[in-house]
Amino acid sequence: MLNEVTVLNIREYLAATENGRFGEEELKELLSEFSCSKNADVERFLKEQAIEFTKKNQSVTYLVFHSQDASLVGYFTLAIKPICVSEQRENELTYTLSAYLIAQLGKNFRNGANRKITGKQLLQAAVDTILKLQYMTGGMVFFLEAENEEHLMQFYEVENGFKRFAVKETNHRAKKSQKLIQLLKVL
């Protein structure tokens, strides 16, 4: 990982003592400065759900800061989820395994912070964190879900070596359902 970024688990803020310099209110204030006009769901998750999901151990969000000026340049959220992968052979075997999920990945577009980190650097920060987890707990694969947009498939498949393994249909009550491409990579 390039030394240009620092990754901080938001539990560091949530676990702060009264005498510490962090706390949940400071975290909420920091998160309020995040803006992602390219994907409203990425922004909404960070501002409205990341803290609760972390408190409930459903996932953990990591903030990515530019090392030189400590500006928030992006974030990613990790979780552990089961996945089913089919092997395309004569007998078509299906495997179910636990995998690391990169549940959210987003750059901060406020005040040009997005220009301080590339998508590849942000993804690499998430992968580096997963590799530390793998060292401590094991695991073989990680995956993510992305909208079926050409530039996203180019980024994940061609530039970063992910392989498609399934399509997931979301069922949002407030929105129409959408199909997400599930992509995985072996650690």
Side-chain angles (χ1 to χ4, degrees), residues 1-83 98-139 142-147 168 170-175 178 180:
M1 180 70 202
L2 299 173
N3 291 331
E4 296 170 3
V5 298
T6 300
V7 176
L8 184 66
N9 182 327
I10 68 169
R11 289 179 195 258
E12 297 296 322
Y13 282 89
L14 299 175
T17 63
E18 288 182 24
N19 296 331
R21 60 175 218 230
F22 300 134
E24 188 170 338
E25 290 308 311
E26 289 83 358
L27 176 58
K28 287 178 181 177
E29 187 176 320
L30 175 64
L31 300 183
S32 74
E33 297 295 316
F34 187 88
S35 176
C36 186
S37 58
K38 293 187 181 262
N39 190 328
D41 288 337
V42 166
E43 182 174 338
R44 182 190 49 73
F45 177 84
L46 183 63
K47 291 179 176 182
E48 298 175 14
Q49 296 175 299
I51 292 172
E52 287 307 310
F53 275 48
T54 298
K55 285 180 175 181
K56 293 177 181 177
N57 291 319
Q58 292 175 294
S59 63
V60 177
T61 295
Y62 295 82
L63 303 178
V64 182
F65 297 93
H66 194 267
S67 293
Q68 291 180 343
D69 64 7
S71 59
L72 177 62
V73 295
Y75 84 96
F76 58 90
T77 301
L78 302 178
I80 298 173
K81 297 276 184 173
I83 59 171
S98 292
Y100 299 101
L101 168 65
I102 301 175
Q104 297 286 333
L105 187 71
K107 290 171 58 172
N108 186 5
F109 286 82
R110 180 158 299 201
N111 299 326
N114 61 305
R115 293 189 296 271
K116 296 177 184 178
I117 190 168
T118 65
K120 190 167 188 79
Q121 287 172 311
L122 184 59
L123 179 60
Q124 190 60 51
V127 171
D128 289 347
T129 302
I130 290 170
L131 289 172
K132 290 175 188 172
L133 295 170
Q134 181 204 27
Y135 178 79
M136 293 185 286
T137 63
F142 62 100
F143 75 108
L144 52 83
E145 299 167 341
E147 294 174 4
K168 174 184 171 183
T170 62
N171 294 317
H172 292 290
R173 284 178 246 144
K175 301 182 204 175
Q178 74 180 100
L180 297 173

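This structure is a prediction, so every number in the text was calculated from the model and none was measured.
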* Asked: Can you tell me if Asn39 and Glu43 form a side-chain donor-acceptor pair at under 3.5 Å?
  -> no

Sub-3.5 Å donor-acceptor pair from the side chain of [X] to the main-chain atoms of [Y], do we have one?
{"X": "Asn108", "Y": "Leu72", "answer": "yes"}
{"X": "Arg110", "Y": "Ser35", "answer": "no"}
{"X": "Thr170", "Y": "Gln178", "answer": "yes"}

* Structure fact -> When every non-hydrogen atom of Ser98 is compared with those of Ile80, the smallest separation belongs to CB-CG2, 4.2 Å

* Report the distance from atom NZ of Lys116 to atom CD of Glu4, rounding to the nearest 0.5 Å. => 11.5 Å

* To do: Output the distance between atom CZ (Arg44) and atom CZ (Phe34), rounded to the nearest 0.5 Å.
  => 13.0 Å

Kindly indicate whether the side chain of [X], heavy atoms from C-beta on, has any atom under 4.5 Å from the side chain of [Y].
{"X": "Phe53", "Y": "Thr77", "value": "no"}
{"X": "Val60", "Y": "Arg11", "value": "yes"}
{"X": "Tyr13", "Y": "Leu30", "value": "yes"}
{"X": "Val7", "Y": "Phe76", "value": "yes"}
{"X": "Tyr100", "Y": "Leu78", "value": "no"}
{"X": "Ile102", "Y": "Ile130", "value": "yes"}
{"X": "Glu24", "Y": "Ile51", "value": "yes"}

* Identify which one of Leu131, Val127, Leu101, Leu133 satisfies the side-chain contact (heavy atoms from CB on, under 4.5 Å) criterion when paired with Phe142. => Val127

* Asked: Testing Val73, Leu8, Val5, Ile117 for side-chain contact (heavy atoms from CB on, under 4.5 Å) with Phe65, which one passes?
  -> Leu8

* Asked: Can you check side chain to side chain contact (heavy atoms under 4.5 Å, CB included) on Leu63 and Leu46, steps first, answer last?
  -> CA-CA 10 Å; Leu63 303 178; Leu46 183 63; 4.2 Å; yes

